[in-house]
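The next block holds one structure in the form of structure tokens; read it before the comments.
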Amino acid sequence: QVQLVESGGGLVQAGGSLRLSCAASGRTFSSYAMGWFRQAPGKEREFVATISWNSGVTDYADSVKGRFTISRDNAKNTVYLQMNSLKPEDTAVYYCTADSKHGTSWYPYPSEYDYWGQGTQVTVSS
């Protein structure tokens with residue numbers, strides 16, 4: 001089974017930046033679409049960003065477009081989420097996820113993904 005481990009979360013002031021990392025096990029990582037979701041207390045898990053197997057396709061939630069950038073390094077089995085101009089409403093647990101069935105993920109729903117990390121907390125203060 002694929003294992004995903006997120007890191008890089010923390011406490012940051014509004015307007016600041018963080019870079020999240022997701023380290024993946026498995027030799028088939030390079031064929032999977034990857035994504036990031038987030039979940040705030042009392043709220044549903046929501047889509048943040050996705051990236052195709054070869055980085056040819058990326059997509060973002062409207063709320064983070066222009067501020068967040070997803071990238072991957074298949075040689076390192078790692079996915080990144082660069083988060084700039086952070087806002088208090090970005091506060092959430094951020095989850096890395098993999099879609100083992102597709103090289104490109106077209107639907108921004110948790111049910112499309114089948115492997116999940118444990119999450120990393122991002123807190124943005126004002």
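Just so you know, residue 1 is the first one in the sequence shown, and it goes up from there.
- Put simply, OG on Ser71 and CG on Leu81 are 8.5 Å apart, with the number rounded to the nearest 0.5 Å.
- Ser125 and Gln13 share a side-chain donor-acceptor pair at under 3.5 Å.
- With a 4.5 Å cut-off on side-chain heavy atoms, Arg72 and Thr78 do not count as touching.
- Minimum interatomic distance between Ala33 and Ser105 (heavy atoms only, all atoms of both residues): CB-N, 3.6 Å.
- A distance of 11.0 Å separates CG of Asp59 from OG1 of Thr104, quoted to the nearest 0.5 Å.
- A distance of 12.5 Å separates OH in Tyr32 from NE2 in His102, rounded to the nearest 0.5 Å.
- For the pair Ile70 and Val79, the minimum side-chain heavy-atom distance is below 4.5 Å.
- Ser17 and Asn84 share a side-chain donor-acceptor pair at under 3.5 Å.
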If you look only at distance, which donor and acceptor atoms sit under 3.5 Å apart when one is on a side chain in residues 43-50 and the other is two or more places apart or in another chain?
| from | atom 1 | to | atom 2 | distance (Å) |
| --- | --- | --- | --- | --- |
| Arg45 | NE | Gln39 | OE1 | 3.3 |
| Arg45 | NH2 | Gln39 | OE1 | 3.3 |
| Glu46 | OE2 | Arg38 | NE | 2.7 |
| Glu46 | OE2 | Arg38 | NH2 | 3.4 |
| Thr50 | OG1 | Met34 | O | 2.9 |
| Thr50 | OG1 | Tyr113 | OH | 3.1 |

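- Under a cut-off of 6.0 angstrom, the local environment of NZ in Lys101 is crowded, with over 12 non-hydrogen atoms contributed by other residues, nucleotides or ligands.
- For the atom pair CG (Asp99) and OG (Ser52), the distance works out to 11.5 Å, reported to the nearest 0.5 Å.
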Inset, instruction - Step by step, work out the side chain to side chain contact (heavy atoms under 4.5 Å, CB included) result for Leu18 and Val122. - result: CA-CA 9 Å; Leu18 287 172; Val122 172; 3.9 Å; yes
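- Between Phe37 and the choices Tyr94, Trp116, Tyr109, the ring pair (Phe, Tyr, Trp, His ring centres under 6.0 Å) rule is met once, by Trp116.
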Would you be so kind as to tabulate the donor-acceptor pairs closer than 3.5 Å made by side chains of residues 3-11, with sequence neighbours excluded?
| from | atom 1 | to | atom 2 | distance (Å) |
| --- | --- | --- | --- | --- |
| Glu6 | OE1 | Gln118 | N | 3.0 |
| Glu6 | OE1 | Gln118 | NE2 | 3.3 |
| Glu6 | OE1 | Gly119 | N | 2.9 |
| Glu6 | OE2 | Cys96 | N | 2.7 |
| Glu6 | OE2 | Gly119 | N | 3.3 |

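- Under the 4.5 Å side-chain criterion, counting only non-hydrogen atoms from C-beta, Thr120 is not in contact with Val93.
- Residues Phe29 and Trp53 place their aromatic rings such that the two centres sit no closer than 6.0 Å.
- Separation of atoms SG (Cys22) and OH (Tyr95) is listed at 13.0 Å; rounding is to 0.5 Å.
- Remark: the backbone N or O of Tyr80 is not paired with any side-chain donor or acceptor of Ser21 at under 3.5 angstrom.
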Inset, instruction - For Trp36 and Thr97, run side chain to side chain contact (heavy atoms under 4.5 Å, CB included): C-alpha distance rounded to whole Å, both residues' side-chain angles, the deciding distance at 0.1 Å, then the answer. - result: CA-CA 6 Å; Trp36 290 92; Thr97 186; over 6 Å; no
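- Within the model, atoms CE of Met83 and CZ of Phe68 stand 3.5 Å from one another, a figure rounded to the nearest 0.5 Å.
- What you find for Ala40 and Ala92 is that their closest heavy atoms are N-CB, 3.9 Å.
- Looking at Asp90 and Lys87, no side-chain N of the basic residue comes within less than 4.0 Å of a carboxylate O on the acidic one, giving no salt bridge.
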